[in-house]
2 protein chains.
Amino acid sequence: MSEQLTTTSYAVLAQVAVHPWSTYELVQQRVRYFRYVWPRAESAIYREVKRLSAMGLLDGRKEHVGKRARTVYSITGKGREALREWLATPVSPFAMDFEAMIRVFVAPIGTKEQIVATLHQVRDDAREMLRFGGEVKQEFLEGIAVTQDQVYIRALAVDFFISLLNTVEAWTERTLAEIETWDDLSPDGKNERALEKIRELPVPTLESVERTPVPPRTQLRPRRHDGRV
Amino acid sequence: MSEQLTTTSYAVLAQVAVHPWSTYELVQQRVRYFRYVWPRAESAIYREVKRLSAMGLLDGRKEHVGKRARTVYSITGKGREALREWLATPVSPFAMDFEAMIRVFVAPIGTKEQIVATLHQVRDDAREMLRFGGEVKQEFLEGIAVTQDQVYIRALAVDFFISLLNTVEAWTERTLAEIETWDDLSPDGKNERALEKIRELPVPTLESVERTPVPPRTQLRPRRHDGRV
DNA sequence: TGGCCTATACTCTAAATTGGAGTAAAAGCT
DNA sequence: AGCTTTTACTCCAATTTAGAGTATAGGCCA
């Protein structure tokens with residue numbers, strides 16, 4: 001068993017740092033902590049707590065309810081120290097899995113109904129996540145959240161979550177609206193309008209003067225910064 | 001070798017559907033197609049084209065430049081058909097890896113400089129990705145993009161990419177600004193202001209009347225829709 | 001013209017990770 | 001008393017990652 005700590009290790013340490021949990025609870029409650037920003041298989045969490053415990057970063061205590069045992073983990077000083085040291089290391093970049101975009105790309109070989117259904121699904125997913133975000137917001141406003149004493153930090157996370165999901169929802173809305181104006185999924189007469197839309201996108205482009213020396217492809221490919229995961 | 005097609009299979013099929021590629025080019029150019037929305041190991045792409053070729057969904061032709069061979073893949077009718085059928089299936093939900101949020105969560109055990117450095121890194125990553133987005137925009141405006149005839153579809157993807165990254169960048173900006181107003185990372189006097197910030201987040205909360213029957217935790221956990229990956 | 005560096009074009013594999021099946025007891029519900 | 005759901009995990013086959021390794025081609029410079 002490797003001694004190498006991964007981001008998953010730190011996600012577990014960070015959640016256990018809040019208060020002790022049985023692994024089952026830890027896994028169930030991950031949705032309120034890091035499932036949305038660091039989704040991992042449940043079995044990976046069970047594996048991780050055992051590993052961290054063997055390394056002395058967590059302290060596992062067996063409890064019994066009748067014949068059924070459970071292990072409740074708490075963080076050790078060594079575990080907290082590991083977290084602290086991690087904060088000095090470079091962060092790994094934002095990444096996403098967004099299958100819907102591949103479907104949008106090949107949408108013209110299917111039907112309008114199919115791409116509309118896909119976008120509806122994405123919008124509904126975003127709305128469901130926003131509903132959850134609203135619940136968390138409500139808990140803080142009522143003062144009943146587990147991490148109530150940490151609102152000043154948690155507010156930053158809730159802000160991110162809600163902003164991101166609102167962006168996704170807004171994109172599905174305007175994309176659906178655009179597609180609804182189409183008679184079919186052929187390019188006929190749509191590209192000119194699309195170029196205007198692209199022109200209005202809120203991102204700067206370089207002057208042609210500056211672009212003249214075409215950069216080699218390796219400079220185009222975003223690469224990770226040195227020493228980053 | 002399993003015959004089961006994965007989202008990675010469709011990402012490869014979709015890119016090869018644009019025009020034939022050698023595997024090396026396919027892998028290099030993924031950044032312009034699906035690397036940002038479906039990031040996978042390069043070796044996984046090499047494995048996938050061979051598998052798809054063996055299944056008859058891609059057609060691989062060996063070419064030679066001196067002693068060095070390369071295989072150029074094109075999509076077959078069967079491959080296009082597989083893509084078409086896939087469009088009728090349910091889409092898998094949006095997911096992200098955002099390690100920085102775990103660091104924000106435990107920021108108080110570290111220093112202000114550390115969390116500021118993390119947020120700077122996230123902002124710089126977002127800016128780098130936006131710069132790339134600006135390049136793609138520019139290519140379309142100049143009419144020199146490989147998928148120029150598909151601007152009406154590609155515009156939707158570019159819109160998503162730029163919106164999302166702008167959201168991430170804006171969040172890092174206001175979060176950095178907030179943290180800069182802090183003397184230290186302790187909760188002292190910060191929670192009240194944070195509650196006000198949470199109150200203003202653009203997401204609805206339920207009336208307490210409707211929340212009265214507290215839903216069981218399984219209803220709180222967002223679960224995937226039936227039949228979804 | 002030879003030497004060096006970079007780009008092309010992959011293969012291979014140990015280790016990590018996923019996803020789900022399986023086991024079993026407790027708690028709730030009817 | 002019997003059934004379903006929840007708690008509380010373990011186990012493992014199959015997949016996936018990350019990087020090391022191999023080899024040729026092409027460009028550049030002295």
Side-chain angles (χ1 to χ4, degrees), chain A residues 1-9 11-12 20-30 35 38-53 60-73 92-93 95 97 215-221 223-224 226-229, chain B residues 1-9 11-12 20-30 35 38-53 60-73 92-93 95 97 215-221 223-224 226-229:
Chain A
M1 190 153 56
S2 158
E3 293 269 301
Q4 186 60 50
L5 295 181
T6 65
T7 301
T8 304
S9 319
V12 167
W21 315 72
S22 73
T23 322
Y24 182 80
E25 288 170 320
L26 182 82
V27 166
Q28 298 307 310
Q29 292 301 308
R30 253 174 61 77
R35 188 183 294 169
W38 200 256
R40 289 302 179 265
E42 298 195 353
S43 58
I45 308 301
Y46 278 95
R47 194 194 320 115
E48 197 61 35
V49 286
K50 283 198 226 168
R51 204 170 71 101
L52 293 172
S53 176
R61 285 168 196 278
K62 269 261 172 66
E63 290 186 356
H64 283 272
V65 184
K67 285 188 179 182
R68 197 171 60 190
R70 66 176 197 166
T71 313
V72 174
Y73 291 93
S92 81
D97 276 11
R217 206 172 316 165
T218 39
Q219 284 184 30
L220 294 177
R221 272 200 294 153
R223 283 266 128 252
R224 287 186 176 152
D226 291 283
R228 301 178 67 202
V229 194
Chain B
M1 188 154 59
S2 160
E3 292 270 300
Q4 188 59 50
L5 296 180
T6 65
T7 301
T8 305
S9 318
V12 168
W21 314 74
S22 76
T23 322
Y24 181 79
E25 288 171 321
L26 183 81
V27 165
Q28 297 308 311
Q29 291 301 308
R30 254 174 62 76
R35 188 185 291 170
W38 201 255
R40 291 299 181 266
E42 298 195 353
S43 58
I45 308 300
Y46 278 94
R47 195 192 321 113
E48 196 62 37
V49 287
K50 283 199 226 166
R51 206 171 68 102
L52 293 172
S53 175
R61 285 168 195 277
K62 270 258 172 70
E63 290 185 356
H64 283 272
V65 183
K67 283 189 181 184
R68 197 171 59 189
R70 68 175 194 167
T71 312
V72 175
Y73 291 93
S92 81
D97 275 10
R217 203 170 328 169
T218 38
Q219 286 182 27
L220 294 179
R221 271 200 294 153
R223 282 266 127 252
R224 289 190 174 152
D226 292 284
R228 300 177 68 201
V229 196

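Everything numeric here is computed off the predicted structure, so don't read it as measured data. When reading the values below, keep in mind they use all heavy atoms of this one structure, side chains included, and skip hydrogens, waters and symmetry mates.
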- request: Send over the distance from B:Glu42 CD to D:dA18 P, rounded to a whole Å.
  value: 11 Å
statement: Taken to the nearest whole Å, CD1/A:Ile45 to P/C:dA16 is 16 Å
task: Assess the side chains of A:Arg70 and A:Thr23: does a donor N or O sit below 3.5 Å from an acceptor N or O?
output: no
For atom OH of A:Tyr46 and atom C1' of C:dT23, their distance in whole Å: 13 Å
- prompt: Expressed in angstrom and rounded to an integer, what is the separation of A:Arg35 atom CZ from C:dG19 atom C1'?
  reply: 14 Å
Pairwise 5' ranking along DNA chain C for A:Gly66 and A:Pro39, keeping only the more 5' one: A:Pro39
message: Quick check: any donor-acceptor pair below 3.5 Å linking the side-chain of A:Ser22 to the base of D:dA8?
response: no
message: With a 4.0 Å cutoff (strictly under), does any side-chain N or O of A:Arg40 reach OP1 or OP2 of C:dT17?
response: no
message: Would you say A:Lys50 places a side-chain N or O within less than 4.0 Å of OP1 or OP2 belonging to D:dC9?
response: no
query: Side chains of B:Glu63 and B:Thr71: is there a donor and an acceptor less than 3.5 Å apart?
result: no
- prompt: Can you tell if the side chain of A:Ser2 reaches within under 4.5 Å of the side chain of A:Arg51, non-hydrogen atoms only?
  reply: yes
query: Expressed in angstrom and rounded to an integer, what is the separation of B:Arg47 atom CZ from D:dG19 atom P?
result: 15 Å
field: Under-3.5 Å donor-acceptor pair between A:Arg68 side chain and C:dA25 base
entry: yes
- request: Using a 4.0 Å heavy-atom cut-off across all strands, classify B:Thr23 as base, sugar-phosphate, or nothing.
  value: sugar-phosphate
- request: Indicate whether OP1 or OP2 belonging to D:dC11 is found under 4.0 Å from a side-chain N or O atom of A:Ser43.
  value: no
query: Nearest-Å distance, CZ (B:Arg70) to P (C:dA7)?
result: 17 Å
message: Please report the distance, rounded to the nearest Å, between CD in B:Gln29 and P in C:dA7.
response: 14 Å
- prompt: Given C:dA9, D:dT17, D:dC9, which nucleotide is nearest the side-chain atoms of B:Ala41?
  reply: D:dT17
- request: Ignoring the backbone of B:Ser2, work out which of C:dA16, D:dT15, C:dA9 is nearest its side chain.
  value: D:dT15
Pair B:Thr8, B:Trp38: side-chain N/O donor-acceptor within cut-off below 3.5 Å: yes
query: Roughly, in whole Å, what's the span from NZ in A:Lys62 to P in D:dT7?
result: 20 Å
query: Which of the following nucleotides, D:dC9, C:dT8, D:dG26, is nearest to the side chain of B:Val65?
result: D:dG26
- prompt: Quick one: is B:Thr71 getting a side-chain N or O under 4.0 Å of the C:dC10 phosphate, OP1 or OP2?
  reply: yes
query: Got a donor-acceptor contact below 3.5 angstrom from the B:Arg40 side chain to the B:Ala11 backbone?
result: no
query: Between D:dT7 and A:Tyr24, is there an OP1 or OP2 to side-chain N/O distance shorter than 4.0 Å?
result: yes
message: C:dA9, OP1 or OP2 - any side-chain N/O from B:Lys67 closer than 4.0 Å?
response: no
query: Per the side-chain contact (heavy atoms from CB on, under 4.5 Å) rule, which among B:Thr7, B:Ile45, B:Leu5 passes with B:Val12?
result: B:Ile45
